[in-house]
Student: 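Here you go, one structure.
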Amino acid sequence: MLAARMRFVQYLRKGDLAKRLGFLAEDQKSLVELAGLEGVPSDLKTLIAQNPNLEELAQKAAKQPRLELSDDVTLLPPISDPGKIICIGLNYQDHCDEQNKPAPKEPMFFSKFNNALVGPQDNVIAHSASTKIDWEVELVCVIGKVARQVPQSQAMDYVFGYSVAQDISARDWQKERNGGQFLIGKSMDTFLPLGPAVVHKSLVPNVYDLTLKTWVNGVEKQNGNTSNLIFKLDDVIHRLSQTITLLPGDIIVTGTPKGVGMHRSPPEFLKPGDVVQSEIVGLGKLCNKIVAP
């Protein structure tokens, strides 16, 4: 099936700084390079903006050789320069419940900066400015075309695909410092592992039935499902697009289920040497080591 190849990755080859675009195999063990094909750019954001015929692209890619993933290949964030990173807080009912908070009446939007982005296997820095670094596995929605004042009934037409994020958070900066504003606590360097791929929406029959999990050092910490989302994607895109124009390649980080470290008893936080694995079944898995600055 041609659509089965539509798991888009960006990567580097050893000894070559040129970013490349490819299709990732479902088992995450090999990929097909796209950047050498006529008319195909080297980055996914540009490709999305071109609105290509994806079936034709998949047919061309079928003739390309496979590249086995190894130490000679470094997977990058599948979108490395989004125009916007828009996040949503308190968007899972069970995450509200673990804090003894009512579900919000409106989405709680905030942002992260691009410097937070790292690839699916990259290290995360345990910045010495924080002693309360936490985990949050999240579904990412990637915008596929210009969205301005979109009716809710048409909002899903503006989705290109989905990915996996680990929304690393410095809780002391998020909750106790910076006047209660989230930006610094959420935007520290390396605080948004993303990937391994952007999976085209055609491969996701029901985005509201996806299992999300986090493990820290092999111990399961989060196990949720997107059925628990409070504000669904069509509602979110509709609300945002009334005042903010969404562009191809913009990403929406949609919230996390229960099980974060801050709300455990006693609270748990990440430290150098820890390994965080984050998975959304059907979309892929991240594995990021926490390292000292």
Side-chain angles (χ1 to χ4, degrees), residues 2-85 112-125 140 142-145 160-166 187-200 203 247-251 253 278 283-289 291:
L2 295 177
R5 300 190 181 97
M6 294 182 195
R7 299 173 179 269
F8 294 88
V9 293
Q10 296 183 153
Y11 65 98
L12 299 175
R13 285 185 169 183
K14 188 174 183 178
D16 186 351
L17 296 179
K19 181 170 59 180
R20 299 167 184 265
L21 183 64
F23 281 144
L24 183 66
E26 189 171 1
D27 63 6
Q28 299 187 38
K29 293 182 179 179
S30 65
L31 57 82
V32 174
E33 185 168 310
L34 299 178
L37 297 174
E38 183 178 356
V40 177
S42 61
D43 70 284
L44 181 54
K45 178 180 168 182
T46 302
L47 180 76
I48 294 172
Q50 290 176 350
N51 189 28
N53 183 314
L54 295 180
E55 289 295 318
E56 289 183 5
L57 180 60
Q59 287 177 344
K60 293 178 182 178
K63 302 174 184 177
Q64 295 288 98
R66 278 183 178 267
L67 175 64
E68 295 299 317
L69 292 185
S70 67
D71 292 341
D72 293 337
V73 176
T74 300
L75 291 178
L76 303 171
I79 296 274
S80 49
D81 58 344
K84 304 175 196 69
I85 302 174
K112 292 179 83 115
F113 288 149
N114 286 356
N115 59 286
L117 284 166
V118 291
Q121 299 169 342
D122 287 341
N123 293 336
V124 170
I125 298 170
V140 171
V142 180
I143 297 298
K145 56 185 179 180
F160 179 81
Y162 306 102
S163 194
V164 184
Q166 177 53 245
S187 291
M188 293 184 184
D189 290 351
T190 72
F191 270 24
L192 191 62
L194 180 69
V198 170
V199 179
H200 190 259
L203 298 186
L247 300 175
D250 286 354
I251 65 176
V253 187
S278 320
L283 299 186
K285 192 171 187 178
L286 317 177
C287 184
N288 304 98
K289 185 176 181 179
V291 298

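Nothing here was measured: the structure is a model prediction, and the numbers come from that model.
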Student: Show the numbers, then the answer: is there a side-chain contact (heavy atoms from CB on, under 4.5 Å) between Val199 and Arg7?
Tutor: CA-CA 4 Å; Val199 179; Arg7 299 173 179 269; 3.6 Å; yes
Student: In Å, rounded to the nearest 0.5 Å, how long is the span from NZ of Lys19 to CG of Leu76?
Tutor: 7.5 Å
Student: Applying the side-chain contact (heavy atoms from CB on, under 4.5 Å) test to Pro78, which of Leu194, Val140, Val164, Val9 qualifies?
Tutor: Leu194
Student: In Å and rounded to the nearest 0.5 Å, what is the CD to CG distance from Gln50 to Asn53?
Tutor: 12.5 Å
Student: Any donor-acceptor pair under 3.5 Å linking the side chain of Lys112 with the backbone of Phe191?
Tutor: yes
Student: Please check if the number of heavy atoms outside Arg13 that lie under 6.0 Å from its CZ is greater than 12.
Tutor: yes
Student: In Å and rounded to the nearest 0.5 Å, what is the CG to CG distance from Leu286 to Leu75?
Tutor: 10.5 Å
Student: Please list, chain by chain and in numerical order, all residues satisfying ring pair (Phe, Tyr, Trp, His ring centres under 6.0 Å) with Phe23, sequence neighbours excluded.
Tutor: Phe8
Student: Output all residues satisfying side chain to side chain donor-acceptor pair (under 3.5 Å) with Asp16, sequence neighbours left out; order by chain, then residue number.
Tutor: Arg20
Student: I'd like a table of donor-acceptor pairs (distance under 3.5 Å, sequence neighbours excluded) in which one partner is a side-chain atom from residues 114-124, with atom names and distances.
Tutor:
from: Asn114; atom 1: ND2; to: Pro82; atom 2: O; distance (Å): 3.1
from: Asn115; atom 1: ND2; to: Ser187; atom 2: O; distance (Å): 2.8
from: Asn115; atom 1: ND2; to: Asp189; atom 2: OD1; distance (Å): 2.8
from: Asp122; atom 1: OD2; to: Gly119; atom 2: N; distance (Å): 2.7

Student: With a 4.5 Å heavy-atom cut-off, do Ile48 and Ile79 have their side chains touching?
Tutor: yes
Student: So, for Glu68 and Val73, which heavy atoms are closest and what is the spacing to 0.1 Å?
Tutor: O-CG2, 4.1 Å
Student: Between Ser80 and Asp43, is any pair of side-chain heavy atoms under 4.5 Å apart?
Tutor: no
Student: Checking Ile125 against Met188 for the side-chain contact (heavy atoms from CB on, under 4.5 Å) test, could you report, in this order, the C-alpha distance in whole Å, the side-chain angles of both residues, the deciding distance, and whether it holds?
Tutor: CA-CA 9 Å; Ile125 298 170; Met188 293 184 184; over 6 Å; no
Student: Which heavy atom of Ala25 sits nearest to which heavy atom of Arg66, and what is that distance?
Tutor: CB-NH1, 3.6 Å
Student: Enter the distance from Asp71:CG to Lys14:NZ here, rounded to the nearest 0.5 Å.
Tutor: 7.5 Å
Student: Determine whether a donor-acceptor pair (N or O, by modelled atom type, separation under 3.5 Å) exists between the side chain of Asp250 and the backbone of Ile143.
Tutor: no
Student: Against Tyr11, only a single residue in Leu24, Leu67, Leu21 fulfils side-chain contact (heavy atoms from CB on, under 4.5 Å); can you say which?
Tutor: Leu67
Student: For the side chain of Lys45 and the backbone of Asp81, is there at least one donor-acceptor N/O pair under 3.5 Å apart?
Tutor: yes
Student: With no hydrogens and no angle check, is any side-chain donor or acceptor of Gln10 less than 3.5 Å from a backbone partner on Pro77?
Tutor: yes
